[in-house]
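Source: prediction; values computed, not measured.
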Amino acid sequence: MIHRLAKIIPSTGFGGHGKDLRVGIGDDAAVLRPSRSSELVISCDSSLEGVHFHPGNQPPESVGFKSLARAASDLAAMGAIPSYFLLTLALPKEKTGNWLNRFAKGMARGAREFKIRLIGGDISRANGVMLSITVLGVVAPGKAVLRSGARPGDLICVSGKLGRAQLGLEIILRGLSRSPSLKELVRPHFYPKIRLELGHWLASHQIASAMMDLSDGLSTDLPRLCQASGVGARIFEDKIPRIEIPRQLSNQKLNPLDLALHGGEDYELLFTVPPSLAPRLDRTPGAASLKIIGEITSNREILLVARDGTSSRLPSLGWDHFRAEKRIRG
């Protein structure tokens, strides 16, 4: 299976060497020799059957692609350029054939799209699928963007419409994903776009004061950024970019604002920018999709300002692994 994965997924393995890679797949560990002009950025992310995905709802190709996308998004949030990843995979024997091949093809698609290579990992047997991905990326010394740099007065920005992935999940959970007219609305849930180019640009040009990816929903992730920076935030309801609910789903009780605030797995970037640097956002990759939705405040509250100007505390209703009431993500 290791040979098969290495053959299908773009990789450097079994004696192969890259410019800064001394040992790849085939030994006990990968040996990297980063250059003096860059810093190594490493993160990991896990996916569990029945928690992050359900085989009846999500094809193996999507499981492979999305698990790598989720990990790579952490690099985008730091402003790093992806380089390599390690895969730890545990699965039942019955999924070591066709399911594994389809999974690998999906991950291969992600590896090519994110320009990242597999260099090693581990495989074991389990009752259900469990995988963990460790990603490695590079960033110029001192240029990595942290969550802790936001300051009062900074503008709060997001990189695109929010709620797309959650809408796709709602369509799946309602048994409507086979509808031809809704097929494209499901795609952002299965194959999310990762803002690697934008994250690297913001970091290399030192525009963003703080940054993270929106994996668990704006109402959950924004407080995390604010807590790390020791600040609060005020966001405006009418400035939050959201999706439109198609007529076919008008009877499904789906609220675009709720999806934008609390829906997870969009993997857009949430970042802050000093007002003096805001004009430079027009030069960013995908500038047309960037939206300023609020500002950082000196108090520790996270407030949502309604259209009529009234403010209320924003409840954190995004994804939480340990919330009493939760459901499968995919």
Side-chain angles (χ1 to χ4, degrees), residues 1-16 18 21 23-32 40-76 82-137 165 169 172 189-192 194 196 213 215 264-265 267 319 321 328-330:
M1 288 192 293
I2 293 173
H3 279 267
R4 197 191 321 166
L5 289 170
K7 184 177 180 180
I8 297 174
I9 302 171
S11 59
T12 302
F14 300 107
L21 178 67
V23 180
I25 299 172
D27 212 294
D28 289 319
V31 180
L32 299 175
L40 195 62
V41 178
I42 305 172
S43 184
C44 65
D45 203 281
S46 62
S47 293
L48 302 174
E49 181 178 340
V51 177
H52 299 92
F53 67 92
H54 192 286
N57 293 337
Q58 190 166 347
E61 292 87 349
S62 172
V63 176
F65 179 94
K66 191 173 180 178
S67 58
L68 183 57
R70 293 172 56 206
S73 185
D74 288 337
L75 298 182
S83 299
Y84 305 105
F85 72 99
L86 298 115
L87 169 65
T88 296
L89 178 63
L91 69 170
K93 184 177 180 179
E94 60 269 22
K95 290 189 175 179
T96 60
N98 183 55
W99 190 95
L100 179 64
N101 288 341
R102 293 176 61 188
F103 165 87
K105 288 179 180 179
M107 186 166 285
R109 172 181 168 181
R112 295 187 184 98
E113 184 172 322
F114 312 140
K115 299 179 181 178
I116 189 170
R117 295 293 181 265
L118 178 67
I119 59 171
D122 186 51
I123 289 180
S124 61
R125 182 170 178 169
N127 294 328
V129 177
M130 186 285 293
L131 61 112
S132 178
I133 294 176
T134 299
V135 287
L136 300 89
L169 177 57
I172 294 168
H189 175 71
F190 283 156
Y191 300 99
I194 306 303
L196 289 164
D213 67 332
S215 58
E265 301 200 297
Y267 300 108
W319 174 260
H321 281 280
I328 295 171
R329 286 187 126 177

Taking salt bridge (charged side-chain N to carboxylate O under 4.0 Å, His left out) as the test, write out the residues that go with R117, two or more places apart.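 For R117, no residue satisfies salt bridge (charged side-chain N to carboxylate O under 4.0 Å, His left out) once neighbours in sequence are set aside.
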Considering all heavy atoms of both residues, which atom of [X] and which atom of [Y] are nearest to each other, and what is their separation?
X    : Y    : value
L75  : P82  : CD1-CA, 3.7 Å
Y191 : E61  : OH-CB, 3.5 Å
A72  : V135 : N-CG1, 4.2 Å
V63  : Q58  : N-NE2, 3.6 Å
L118 : I25  : O-CD1, 3.6 Å
G264 : A165 : O-CB, 3.5 Å

Would you say the side chain of P55 lies within less than 4.5 Å of the side chain of K95, judging by non-hydrogen atoms?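 Sidechains of P55 and K95: in contact.
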Taking the side chain as everything from C-beta on, heavy atoms only, tell me whether V129 gets closer than 4.5 Å to F103.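 A side-chain contact is absent here, since even the closest heavy-atom pair is not under 4.5 Å.
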Can you check side chain to side chain contact (heavy atoms under 4.5 Å, CB included) on M107 and I133, steps first, answer last? CA-CA 11 Å; M107 186 166 285; I133 294 176; 3.7 Å; yes
Straight-line distance of [X] [atom1] to [Y] [atom2], nearest 0.5 Å:
X    : Y    : atom1 : atom2 : result
L86  : I119 : CG    : CD1   : 4.5 Å
N57  : L169 : CG    : CG    : 8.0 Å
S132 : L48  : OG    : CG    : 9.0 Å

With under 30° as parallel and over 60° as perpendicular, where do the rings of F114 and F65 fit, or are they tilted in between?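 The arrangement is tilted - the two ring planes meet at 30° to 60°.
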Go through the steps for D74 and V41 under the test side chain to side chain contact (heavy atoms under 4.5 Å, CB included), then give the verdict. CA-CA 9 Å; D74 288 337; V41 178; over 6 Å; no
Of all residues at least two apart in sequence or in a different chain, which pass the side chain to side chain contact (heavy atoms under 4.5 Å, CB included) check with A111?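 Counting only residues at least two positions away or on another chain, A111 forms a side chain to side chain contact (heavy atoms under 4.5 Å, CB included) with I9, P10, L68, F85, I116.
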Among residues two or more places apart or on two chains, list those pairs meeting side-chain hydrogen bond (donor to acceptor under 3.5 Å, both in side chains) that have a residue in residues 118-128.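 Found none.
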Does any N or O in the side chain of S73 come within less than 3.5 Å of the main-chain N or O of R70, such that one atom is a donor and the other an acceptor?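 The answer is no, because no donor-acceptor pair under 3.5 Å joins these two groups.
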